[in-house]
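Some notes on the structure that comes next.
Just so we're on the same page: letters track the sequence lines, and every chain starts at 1.
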Protein chains: 2
Amino acid sequence: MSGDALVEVLSALANPIRLRILGTLANGRDYVSSLARVVGISRPLLHMHLQRLEAAGLVVGTLELSADGKAMKFFELAAIDLHLTADTLAAAARTLSSDPATGTAGGPHREEKQ
Amino acid sequence: MSGDALVEVLSALANPIRLRILGTLANGRDYVSSLARVVGISRPLLHMHLQRLEAAGLVVGTLELSADGKAMKFFELAAIDLHLTADTLAAAARTLSSDPATGTAGGPHREEKQ
DNA sequence: TTCACCTGTAAGACTTCTCTGACACATGAA
DNA sequence: TTCATGTGTCAGAGAAGTCTTACAGGTGAA
């Protein structure tokens, strides 16, 4: 995993509500409104946190139709297996796109300053 | 590790500069001013990031006197070994102090609303 | 129609994080 | 003294994250 991707995953995990969402989904998949009630937060707020978790690849959402025809979006845990040590962190740091020392911003096709 | 401590560690790790600081310290201990030059950021900024890393227990700082009598603060990596899986994350989530469902804020001696 | 459930999103307020620039203090060497 | 090195800290600006409220749309059942 690249350093940039690792930062995104770690910042997605570094939040009590999102950790609680993952802990709830560890018991099984659930749809948005139900999950909001279980976790105890508003649905728009949960929606924002789920977006963050999905962008980091920690959960996977699937839009399905229930038996009575209602559209329901189910979320489930993605496979998570991160081993963080000094070595793995250092290796990830070497692949970071942003570089304060040279001013590399990380975007594609960047021109170097003369 | 408690859920609260895990969130602190993860949020400390979830930053490109702090990841780069850890990657640099993986090569050996260094003092603040030198580290700032290597990483390529200002000393006050590095100071802030080191505070964050030290608070999370990821680095250890030691104030020492150099041969010519100058006070120098050396930092080195702490032992880091975090294994993140669905199970370990769920276990950490269960020990979180804040609880949106019941309104528990997490502070000590908190009075419940009547 | 009206209600209860489901979905998504946008605006604004508020808080936290990040970063720069300036300050104060110490030492040894020229 | 002046310069170069080291330490720490503060104030403010700007960016990013967090959360609430309000709106929009959909279905099936009473």
Whole-Å distance separating the CG atom of L45(A) from the P atom of dG17(D)
15 Å

In this structure, how many angstroms lie between the P atom of dT7(D) and the OH atom of Y31(B), rounded?
7 Å

When you list every nucleotide of DNA chain C with an atom under 4.0 Å from a heavy atom of chain B, which one comes first 5' to 3', and which comes last?
dC17(C) to dG28(C)

Taking OP1 and OP2 of dT5(D), is either one under 4.0 Å from a side-chain nitrogen or oxygen of R43(B)?
no

So do the side chains of T85(B) and T88(B) get within less than 4.5 Å of each other, counting heavy atoms only?
yes

Of E54(A), H47(A), H49(A), the residue whose pairing with Q51(A) passes side chain to side chain contact (heavy atoms under 4.5 Å, CB included):
H47(A)

Salt bridge present between E64(A) and K70(A) (N-O < 4.0 angstrom):
no

Can you tell me the distance, in whole Å, between the NE2 atom of H49(A) and the C1' atom of dC19(D)?
8 Å

dG17(D) base to R52(A) side chain: any donor-acceptor pair below 3.5 Å?
no

When D68(A) and P44(A) are each assigned the nearest nucleotide of DNA chain D, the 5'-most assignment goes to P44(A)

To the nearest angstrom, how far is L50(A) atom CG from dC19(D) atom C1'?
15 Å

Would you check if the side chain of R18(A) reaches a backbone N or O of L13(A) as a donor-acceptor pair within less than 3.5 Å?
no

Rounded to the nearest Å, what distance is computed from the NZ atom of residue K70(B) to the C1' atom of nucleotide dG8(D)?
16 Å

Are any side-chain N or O atoms of S34(B) and backbone N or O atoms of D30(B), one a donor and one an acceptor, separated by less than 3.5 Å?
no

With heavy atoms under 4.0 Å as the rule, sort H47(A) into base, sugar-phosphate or nothing.
base

Answer yes or no: is there a donor N or O on one side and an acceptor on the other, between the side chain of R52(B) and the main chain of E8(B), under 3.5 Å?
no

Starting at NZ of K73(A) and ending at C1' of dG25(D), how long is that distance when rounded to a whole Å?
16 Å

Closer to the 5' end of DNA chain C via nearest nucleotide, is it N15(B) or S34(A)?
S34(A)

In whole angstroms, the gap separating P of dG17(D) from CD1 of I17(A) amounts to 15 Å

Just by distance, do the side chain of T95(B) and the backbone of S2(B) share a donor-acceptor pair under 3.5 Å?
no

Length of the line joining M48(A):CE and dG17(D):C1', which is rounded to integer Å:
7 Å

